[in-house]
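A short worksheet on the structure shown next.
Naming convention: chains lettered A, B, ... in sequence-line order (proteins, then strands); numbering from 1 in each chain.
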2 protein chains.
Amino acid sequence: MSDTEWLSEDEREAWLALVSIMFRLPGAVETQLRSEEDMSLAEYLVLAMLSEASDHRHRMSELAAATNTSQSRLSRIVARMEKAGLVTREGRLDDRRVVIAEITDAGIERIQQAAPAHVRHVRDIVFNRLSPEQVGQLVEIGHSLNRGPAEDVAKGLRSIA
Amino acid sequence: MSDTEWLSEDEREAWLALVSIMFRLPGAVETQLRSEEDMSLAEYLVLAMLSEASDHRHRMSELAAATNTSQSRLSRIVARMEKAGLVTREGRLDDRRVVIAEITDAGIERIQQAAPAHVRHVRDIVFNRLSPEQVGQLVEIGHSLNRGPAEDVAKGLRSIA
DNA sequence: TAGAATTGCTTGCAACAGAAACTATTTTGG
DNA sequence: CCAAAATAGTTTCTGTTGCAAGCAATTCTA
């Protein structure tokens, strides 16, 4: 129990970097979107997902997964957006548990109007500060983190090491 | 206006990786801390900062900066922790605007008790999935994001803060 | 050296998120 | 064929956060 494997100096620094990203970036992005475009990042992502879908539709659970939000949060977000006329919701006939959200023309206008400033801001606070190599590394790191329960591998490595 | 420089495919992927980190990691970490140790990550970080200080004290603004939280948020967090007996607050005599937080013995016990499971969990969801090279890259990426290219520093700091 | 600006911190208000409970539907196992 | 389990989504409850305003102490400046 007390033989915890503490973080190495590098890991500690990396962890603090991650914490900094977790705590600061969302605020920075949301502040711009909220003040200039009056929407949250989650709302933006929902609109982006839907506008990019070939039929402009997605089921709620897909949206939740794609935007990294819980179902309950997404439910409220989409309810707000529906009230604002940006999306519509419609139950599916062949499985009436499923709800399909579809972006409206107003929703498409909305995101087209919001996108330039949002992208510029993301570029300002992220990509203008990273080298192309770092961008590639970030992609890989993202894959590694999301990808697999490294549990099996990790457990094996740990017992070997 | 319309000559926005859109994200490249790589940048887009990297941005989605960052969004995933922003949205998912905090939840994962907070859930473990909340359920197993009954504290938030911010509280944990405050206790960690204080317990590592040579005199077990820090001023509020230092704590806010070190834990990447706003002053108002930190104020409430420390107020809660004080009520729980984990820290004490005390005005400073030579500048009575300043408030010094000091960790109590109970607070030290608390973090020593919480640390092993927390560190194990961070290792599970982060470092067991990253190669040593990736850990180093992450450190560099964190540095790059926090202090951006000189030309953008002012703008960037403002938007991040 | 008085008034204005700034700094450090706290708090009121409204909005929001997470967890758990809940409804409704579909699938599964005996 | 039906009861139990699983799935999809919503809602309620409780607590937290951000923003803006507020207050007190200090520094600047004319």
Reading nucleotides 2-12 of chain C from the 5' end, what letters show protein touch, with B for base, S for backbone sugar-phosphate only, - for no heavy atom under 4.0 Å? -----BSBBBB

Interatomic distance where [atom1] belongs to [X] and [atom2] belongs to [N] [whole Å]:
X      : N       : atom1 : atom2 : result
I77(B) : dT16(D) : CD1   : C1'   : 9 Å
D38(A) : dC16(C) : CG    : C1'   : 15 Å
E36(B) : dA19(C) : CD    : P     : 13 Å
L41(B) : dT17(D) : CG    : C1'   : 15 Å
L33(B) : dG15(D) : CG    : P     : 19 Å
M39(B) : dG15(D) : CE    : P     : 18 Å
Q32(A) : dG18(D) : CD    : P     : 17 Å
L63(A) : dA8(D)  : CG    : C1'   : 13 Å

Do the side chains of L16(A) and L74(B) join up, straight or via other hydrophobic residues, at under 4.5 Å, putting them in one cluster?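 No, no single cluster joins them.
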
Just to be sure I understand the rule, does R80(B) reach a base, reach only the sugar-phosphate, or reach nothing, if contact means heavy atoms closer than 4.0 Å?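 It contacts sugar-phosphate atoms only.
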
Tell me, yes or no, whether the heavy-atom count around E5(B) atom CD, taken from other residues, nucleotides or ligands under 6.0 Å, exceeds 12.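 12 or below, so no.
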
Heavy atoms of other groups near D105(A) CG, more than 12 under 6.0 Å: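 Open.
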
Quickly, which of R57(A), R59(A), R96(A) forms a salt bridge (Lys or Arg N to Asp or Glu O under 4.0 Å) with E90(A)? Name it, please.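 Testing E90(A) for a salt bridge (Lys or Arg N to Asp or Glu O under 4.0 Å) against R57(A), R59(A), R96(A) leaves exactly one candidate, R57(A).
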
Given dA17(C), is OP1 or OP2 found less than 4.0 Å from the side-chain N or O atoms of R34(B)?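 Answer is no, no contact under 4.0 Å.
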
For N128(A), does its backbone N or O pair with a side-chain atom of R123(A) as donor and acceptor, under 3.5 Å?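 Here the side-chain-to-backbone pair does not exist.
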
SB check E52(B) R12(A) (cutoff 4.0 Å):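 Looking at R12(A) together with E52(B), the answer is yes, because their closest N to O distance falls below 4.0 Å.
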
5′-ward residue of the pair D94(A)/A42(A) relative to DNA chain C: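 Nearest nucleotide further toward 5': that of A42(A).
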
Between side-chain atoms of residues 109-116 of chain A and protein atoms elsewhere (two or more places apart, or another chain), which donor-acceptor pairs fall under 3.5 Å?
residue, atom, partner, partner atom, Å
R110(A), NH1, E37(A), O, 3.4
R110(A), NH2, E37(A), O, 3.1
R110(A), NH2, D38(A), O, 3.3
Q113(A), NE2, E37(A), OE1, 3.3

